[in-house]
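What follows is a single structure, written as structure tokens, with notes after it.
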Amino acid sequence: MVNGIAALRRHRVLGAASVSAIATVVLAGCSGSSSDEGKEVRFGETASVTGYKDAKVDVTVERLEQGGSSDLSVLKDASKYAGRTPYYLRYKLTKTEAVQSGGASTYFSVTDGNKKRLTKLTILGALDTTGDPKNPLKYRGFEKCETSSTSDFEKAAPGQSVTGCAVYVADAGAGAPTSVTWEQGSKTLATWK
């Protein structure tokens, strides 16, 4: 069974023996369309944007995959997501300069055809006991979608990439997502369609 807690990094597992999830709504400024502020590219194309601590990073939104509501049945609080459709945002982050920490932080937002934001679902992995004294714990994540590894990105040399996935959930009856944006503050730096 999978339990729910929010966190910024999947590597900060608090010893809980289950995977957790809490939906967080990503809020935007109330000004009109922000897609004119940044570069518009197609899925699969790369945009150079500002990331954590104003470091430059190349971001590629590879695709959005529609899941099934049954994908979320492994969550302890799965009833909260009944009738909602998960979408998996597959992306690649390429390090363009030396970054000390936090470089794998992402600033994505996903919207449907009515410009309604989907809810980002943060799912943390868990540590399960194995019974093996040499390796007493085993990490278990959400198999459908694993986020990028902050430590892998930090260790990467400029020019190297990490891949990741983020889960977004549409309300029952909502349309499919049509765009992904990379936002920092109130500015949209890139839009993938």
Using only atom types and a distance under 3.5 Å, with no angle test, would you say the side chain of [X] pairs donor to acceptor with the backbone of [Y]?
X	Y	answer
Tyr91	Ser148	yes
Asp112	Asn114	yes
Thr106	Phe108	no
Gln184	Gly51	yes
Trp182	Thr50	yes
Lys120	Ser109	no
Thr46	Asp58	no

Step by step, would you call Lys116 with Asp171 a side chain to side chain contact (heavy atoms under 4.5 Å, CB included)?
CA-CA 10 Å; Lys116 183 175 188 271; Asp171 290 333; 2.5 Å; yes
Heavy-atom side-chain proximity of [X] to [Y] below 4.5 angstrom:
X	Y	value
Leu189	Lys39	no
Leu121	Tyr81	yes
Ile123	Lys144	no
Val59	Trp192	yes
Val110	Tyr87	no
Thr119	Arg84	yes
Pro158	Glu97	no

Inter-residue atom distance [X].[atom1] - [Y].[atom2], 0.5 Å rounding:
X	Y	atom1	atom2	answer
Lys193	Phe43	NZ	CZ	9.5 Å
Thr188	Glu40	OG1	CD	11.0 Å
Asp152	Ser161	CG	OG	12.0 Å
Asp132	Leu137	CG	CG	10.5 Å
Cys165	Arg90	SG	CZ	4.0 Å
Thr191	Glu183	OG1	CD	8.0 Å

Give me the ring orientation class for Phe142 and Tyr88: parallel if the planes are under 30° apart, tilted from 30 to 60°, perpendicular past 60°.
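Tilted: the ring planes of Phe142 and Tyr88 meet at 30° to 60°.
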Under the side chain to side chain donor-acceptor pair (under 3.5 Å) test, residues paired with Thr178 that sit two or more places apart
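Not a single residue meets the side chain to side chain donor-acceptor pair (under 3.5 Å) criterion with Thr178.
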For the residue pair [X] and [Y], what are the closest heavy atoms and their distance?
X	Y	answer
Val169	Leu118	O-CB, 3.6 Å
Gly83	Ser69	N-CB, 4.4 Å
Ala170	Ala174	CB-CB, 4.1 Å
Glu65	Arg63	OE2-NE, 2.6 Å
Ala78	Leu72	CB-O, 3.3 Å
Phe153	Thr94	CE1-C, 4.2 Å

